[in-house]
Amino acid sequence: MRISRNDNCPCGSGSKYKKCCQERVEEFTGRLLRAMGTGISPTGQEIARTLGLWCGLQLPETGAPPDPELLGRLMPEVWQVRDRDAVPYDQFSDLLLGKKHLRGLRIPVNLLTDVKLRADEDVDLEGLRQRIIDNLPEGFYEFASYQMALSMRNDPYLDEELKTLLAGFSWALVDQKTRAVLASVVLEATLTELAKAQQEFAALDPDVPDTDGSVGNEKLRRFFASHPSYDNFVSTQILAKVDPACRAIMDSGALQAPFYAIAGGCYAVYLEVLEALPGLSDEQLAAGLPGDKVLQILRDMLWRRDECLYFLPELRKVIAAWPDGDHPGLAASMQSLRELLNGFFMSSQFKTAETFYIDCVVGLINNGPRSLPGVDTPLSGPLDLCSPDVMEPYLEHLAAQHLTDEAAHLRREYQAWAPRIARQYASLVKTVPAGEQ
Ligand SMILES: [Zn+2]
């Protein structure tokens with residue numbers, strides 16, 4: 001990897017390289033090269049420079065870089081392996097599965113969507129390997145070398161293990177052939193890890209309490225949280241399956257949730273828009289919702305402020321009653337979506353619920369609220385949702401329907417947001433005509 005003095009420092013500080021980590025990197029690299037001795041090939045020097053960069057950077061992660069003299073002593077021993085059988089595939093694979101900071105070095109799961117993990121299913125490993133190698137994202141090998149250096153800085157290593165890791169490190173940099181070797185070992189480790197997680201998942205009984213007492217969905221949720229690669233793998237497959245159904249529903253524009261299930265999100269976005277309005281350029285106004293900040297607000301509202309407790313049951317109801325459509329592929333996708341939403345314990349479910357929630361809130365805001373059950377007059381705009389004349393009859397209506405928790409949630413959000421929205425609106429109305437004069 002080449003970096004010039006005026007580039008931003010790869011440590012992420014935001015300063016220029018020359019003013020940040022350059023000196024440390026050069027010192028580390030210099031000591032490494034001296035310890036490697038004379039007669040180092042240009043490839044060897046290139047590898048030492050990359051190693052020196054990743055080890056010399058001041059990184060926020062804990063852990064210290066390994067001793068450059070030790071690395072320099074071990075490096076020539078790594079090169080001396082000429083015998084093909086002595087190439088440490090298995091040892092490197094053990095490191096990938098065993099060292100904590102190498103767990104991030106895996107084949108991206110979106111390249112594995114159609115892979116079967118069960119041993120009794122036919123896996124064309126050679127075909128798969130070739131396809132993976134051909135499709136790895138640009139930057140994968142640089143990322144791999146960075147992950148390995150991160151592991152050197154943070155994981156405990158015996159000298160023999162360090163030699164194995166240095167071999168892997170050099171595979172990432174030498175040429176296409178050695179890169180293919182690295183990709184193959186990473187692929188095997190990825191598949192081994194996923195297959196092991198799948199076995200554990202198959203043996204997991206949600207009804208038997210865990211050591212920490214969690215059962216049911218909570219136990220499953222914890223399982224997926226502690227097996228992120230497997231969660232990612234399964235979730236990527238599921239998201240691909242439910243995608244046609246999600247698209248069909250959202251394209252129809254007919255998805256609606258009762259206001260009490262999305263009230264917090266709507267209020268939070270109204271206030272955000274009103275507060276941002278005076279500083280927005282015409283282009284930003286034209287770009288409209290949802291910007292990144294609005295998306296973040298909605299995610300927080302759904303998960304941290306627990307609007308999910310009211311939104312998810314409604315979403316399940318709506319999707320359960322949604323027509324399958326005539327297309328057999330769409331019907332199957334719709335069925336998968338219903339199954340997905342009835343579980344609720346892995347990232348694909350969180351992502352799907354989030355997408356629908358954002359769609360419902362943004363839909364209501366863009367179209368404006370028209371009516372609410374129990375409210376006689378039609379609504380003229382968002383401010384009506386902050387008015388007691390509208391909200392009190394609606395809350396009474398919910399109580400009459402025995403929607404007690406829902407009404408309590410709505411009252412909480414309404415009382416928290418409505419006065420702030422009204423104040424902000426009043427200040428805008430006051431300032432806007434003054435500015436136009
Ligand atoms: Zn830096």
Side-chain angles (χ1 to χ4, degrees), residues 246 249-312 314-315 350-373 375 377-392 394-395 406 409-437:
C246 293
I249 291 169
M250 286 197 272
D251 289 350
S252 76
L255 180 68
Q256 279 181 1
F259 181 62
Y260 62 76
I262 55 172
C266 291
Y267 285 136
V269 173
Y270 280 141
L271 185 61
E272 167 63 23
V273 170
L274 288 179
E275 283 179 346
L277 216 47
L280 285 181
S281 66
D282 289 348
E283 295 88 67
Q284 283 168 314
L285 276 175
L289 293 170
D292 286 347
K293 193 168 174 206
V294 165
L295 293 180
Q296 195 48 52
I297 288 172
L298 287 175
R299 279 188 203 110
D300 280 355
M301 194 49 80
L302 184 62
W303 305 120
R304 294 193 192 178
R305 283 181 57 113
D306 283 347
E307 194 141 83
C308 58
L309 298 180
Y310 306 92
F311 178 70
L312 293 175
E314 297 300 334
L315 180 64
F350 291 114
K351 276 185 201 143
T352 304
E354 218 169 82
T355 308
F356 281 126
Y357 178 71
I358 291 166
D359 189 62
C360 283
V361 172
V362 172
L364 183 85
I365 289 176
N366 283 340
N367 300 323
R370 305 256 164 82
S371 63
L372 283 175
V375 183
T377 47
L379 308 185
S380 59
L383 275 187
D384 284 348
L385 298 172
C386 300
S387 149
D389 296 343
V390 169
M391 294 316 285
E392 290 303 336
Y394 180 46
L395 284 161
E406 290 79 355
H409 166 69
L410 175 59
R411 189 174 284 284
R412 247 190 333 268
E413 295 300 330
Y414 162 57
Q415 288 175 343
W417 295 98
R420 296 172 63 190
I421 294 174
R423 263 201 309 277
Q424 185 63 27
Y425 183 75
S427 79
L428 279 178
V429 174
K430 241 184 265 163
T431 54
V432 170
E436 281 172 359
Q437 279 166 9

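- Side-chain contact check for L255 versus C360: some heavy-atom pair is nearer than 4.5 Å.
- The two residues L379 and V390 have their closest heavy-atom pair at CD2-CG1, 3.8 Å.
- E307 has its side chain within reach of H409: a pair of non-hydrogen atoms, C-beta onward, lies under 4.5 Å apart.
- The two residues L428 and L274 come nearest to each other via the heavy atoms CD1-O, 3.6 Å.
- Atom CD of E314 sits in a crowded spot, with more than 12 heavy atoms from other residues, nucleotides or ligands closer than 6.0 Å.
- When every heavy atom of L302 is checked against every heavy atom of E354, the shortest pair comes out as CD2-CA, 3.9 Å.
- C246 and T352 make their closest contact through SG-CG2, 4.0 Å (heavy atoms, listed as atom of the first residue, atom of the second, distance).
- In this structure E413 satisfies the side chain to side chain donor-acceptor pair (under 3.5 Å) test together with R305, W417, sequence neighbours excluded.
- At least one side-chain heavy atom of P419 sits less than 4.5 Å from a side-chain heavy atom of R423.
- Relative ring orientation between F350 and W303 is described as perpendicular, the plane-to-plane angle rising above 60° on a 0-90° scale split at 30° and 60°.
- Taking 4.5 Å as the limit, some side-chain heavy atom of M301 sits within range of a side-chain heavy atom of Y357.
- Contact detail for F311 and A261: the closest heavy-atom pair is CB-O, 3.6 Å.
- For the pair T355/M250, a side-chain contact is recorded, criterion being any heavy-atom separation below 4.5 Å from C-beta on.
- The shortest heavy-atom contact between A353 and L315 is CA-CD2, 4.1 Å.
- Not a single ring-ring contact (aromatic ring centres under 6.0 Å, His included) links Y414 to another residue, sequence neighbours left out.
- Formation of a donor-acceptor pair under 3.5 Å by the E272 side chain with backbone atoms of I297 is not found in this model.
- Looking only at side-chain heavy atoms (C-beta outward), Y260 and Y394 come within less than 4.5 Å of each other.
- Between L410 and M391 the shortest side-chain heavy-atom distance falls below 4.5 Å.
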